[in-house]
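This report refers to the structure that appears directly beneath it.
Residue numbers start at 1 and run along the sequence shown. Worth saying up front: this structure is predicted, and the values here are computed from it rather than measured.
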Amino acid sequence: MAEEETAATAEEKPDPHLVSTLSDGTKVKRRIPRQRACNNPGKNNKICRGHLKRWFDFGDEVRRQFGPQPEVYRCERCQTLYLPNEEEAARTGTLAF
């Protein structure tokens, strides 16, 4: 009985980093500082842990919601989209040494 209650409470908690959900069901989340791997819970409530890669091939729906050239990252496993953290500097510029 206690196991069922803990599983139910874990499913009911909304994700504080969830920004929106696209029309095809893809989740759009905000990255936490220095995040490099996906933290989206998948099957059996285990996190995905796929690497976040910079993604340039987004569709019109992402452009409408987040601007014409948004900085978007996508999980290589579950395809969850991540927006950059507001506390970190944007990584859209060219590296300069």
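The shortest distance between side-chain heavy atoms of R77 and H51 does not fall below 4.5 Å. Contact of the P41 side chain with the K46 side chain is not registered, since no non-hydrogen atoms from C-beta on lie closer than 4.5 Å. Using a 4.5 Å cut-off on side-chain heavy atoms (C-beta onward), R74 and L52 make no contact.
Remark: T21 pairs with no residue by the side chain to side chain donor-acceptor pair (under 3.5 Å) rule, at least two apart or across chains. Residues passing the side-chain contact (heavy atoms from CB on, under 4.5 Å) test with N39 are K29, Q35, Y82, sequence neighbours excluded. Scored by the side chain to side chain donor-acceptor pair (under 3.5 Å) test, N85 finds no partners at all (sequence neighbours excluded). By the side chain to side chain donor-acceptor pair (under 3.5 Å) test, D57 is found to be paired with no residue, residues two or more places apart in sequence or in another chain being considered. For Q79, there are no side chain to side chain donor-acceptor pair (under 3.5 Å) partners, not counting sequence neighbours.
Atoms SG and NZ, from C38 and K27 in turn, are 9.0 Å apart once rounded to the nearest 0.5 Å.
When hydrophobic side chains of Ile, Leu, Val, Met, Phe, Trp and Tyr are connected at separations under 4.5 Å, V72 ends up clustered with V19, L22, V28, W55, F58, V62, F66, L81, L83.
Counting all heavy atoms, side chain and backbone alike, C75 lies closest to G50 at SG-CA, 3.8 Å. The two residues Q65 and S20 come nearest to each other via the heavy atoms OE1-OG, 3.2 Å.
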Derivation and outcome, side chain to side chain contact (heavy atoms under 4.5 Å, CB included), residues R31 and H17: CA-CA 7 Å; R31 289 173 57 175; H17 302 291; over 6 Å; no

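More than 12 heavy-atom neighbours from other residues, nucleotides or ligands sit within 6.0 angstrom of CZ on R63.
At least one donor-acceptor pair closer than 3.5 Å links the side chain of E88 to the backbone N or O of R34.
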